[in-house]
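Everything below concerns the one structure shown next.
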2 protein chains.
Amino acid sequence: MHEVSIGEAAKLSGVKAPTIRFYEEIGLLPRPARTGANRRLFADDDLRRLAFIRHCRELGFHLDAIRALLKLQDNPKQPCDTADAIAKERLGEVELRLRSLKALRGELKRMIDSCSHGHVSQCRVIEILADHAKCMHPTH
Amino acid sequence: MHEVSIGEAAKLSGVKAPTIRFYEEIGLLPRPARTGANRRLFADDDLRRLAFIRHCRELGFHLDAIRALLKLQDNPKQPCDTADAIAKERLGEVELRLRSLKALRGELKRMIDSCSHGHVSQCRVIEILADHAKCMHPTH
DNA sequence: TTAGATGCTCTAGTAACTAGAGGAGCAAAA
DNA sequence: TTTTGCTCCTCTAGTTACTAGAGCATCTAA
């Protein structure tokens, strides 16, 4: 059956042991089997589920979205529109964030470039932060 | 002296009243004056500080960084290297995040494009999420 | 005078973990 | 056999930057 301890599961999946326990607690992972001494034993299925969760988290999905995706995975005969929609929503978030971060980068660069490294009283960084009107950031 | 209530301060600064109280509580804002009936009265200085904080937050600075920047602002004769360093650190974070989000966007697009809108069992989105090896994301 | 808006404090909740306390079990060396 | 050190258990509390709500006081306008 090839069952592993939580430490082993953590190593194999790249998810830390406390986080695995946390996922169990919030119902993202089913409760694994236990040894006589009450230690968790993870089977292949658990490890696969863990890998799925981890990959989703790396791509920035919220736990709620992951919960929905896992539910889909558990019912493979359903149409996959929901999975598609969740991924598209995430893509939208990413694109929004990208635009805003690009604008931000511009403003930060401008701020840093115009700093003449004198005293705080003449510091452009502080000045721009203090006075929004001096800011060229397009979206706030 | 032109002092305003917390609601007025919220309107003027764009920071919500509970958030203003929160900033006071954690020592980011000095305790403002009070009326006889114990209501907060914000002076111009407070409003300037609030605007500073808000602008910093919009640019994504952590409250700790803002605390440091405010301390600098309070001692204008210091050299402004610290302000410069904080802004540069933030720029670094932004650039890192940008790279990672761009990679993410690519992966999400690829996932969505290869979805044929059938059943979950053949869904490429779910499949790629389940199996990291099928993922082209360069950095994880 | 009374209704509705605004203010006060305090507690608790959010996301997604992370850290620590205090204790039990296990494997290997002395 | 004992002891050392690692892993594991549960439980509580802390993190960031707020947000929501309860229960009460005060202010403003009709």
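Naming: A, B, ... by sequence-line order, numbering from 1 per chain.
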Given atom CD of A:Glu93 and atom C1' of C:dA15, what is their separation to the nearest angstrom?
-> 14 Å
Contact string for nucleotides 3-10 of chain D, one letter per nucleotide 5' to 3', B = base within protein heavy-atom range under 4.0 Å, S = sugar-phosphate only, - = neither, reads ----BSSB
Tell me whether B:Ile26 is reachable from B:Phe52 by hopping between hydrophobic residues (I, L, V, M, F, W, Y) whose side-chain heavy atoms are closer than 4.5 Å.
-> yes
Straight-line distance of A:Asp46 CG to A:Tyr23 OH, nearest 0.5 Å = 14.5 Å
Examine D:dT19: is either OP1 or OP2 under 4.0 Å from a nitrogen or oxygen in the side chain of B:Lys16? Give yes or no.
-> yes
Spacing of B:Asp64 atom CG relative to D:dG14 atom P, expressed in whole Å = 17 Å
Does B:His62 put a side-chain nitrogen or oxygen below 4.0 Å from OP1 or OP2 of D:dT16?
-> no
Is B:Tyr23 touching bases, backbone alone, or none of the nucleic acid, heavy atoms closer than 4.0 Å?
-> sugar-phosphate
Taking the side chain from B:Arg90 and the backbone from B:Leu59, do they hold a donor-acceptor pair closer than 3.5 Å?
-> yes
Over how many whole Å does the gap from B:Ile26 atom CD1 to D:dG14 atom P extend?
-> 17 Å
Short side-chain N/O contact from B:Thr19 to OP1 or OP2 of D:dA17, under 4.0 Å | no
To the nearest angstrom, how far is B:Leu41 atom CG from D:dC27 atom P?
-> 11 Å
A:Phe22 atom CZ is separated from C:dT18 atom P, nearest whole Å, by 10 Å
Any chance CZ of A:Arg34 has more than 12 other-residue heavy atoms, nucleotides or ligands included, within less than 6.0 Å?
-> yes
Over 12 non-hydrogen atoms of neighbours within 6.0 angstrom of NZ in A:Lys71 = no
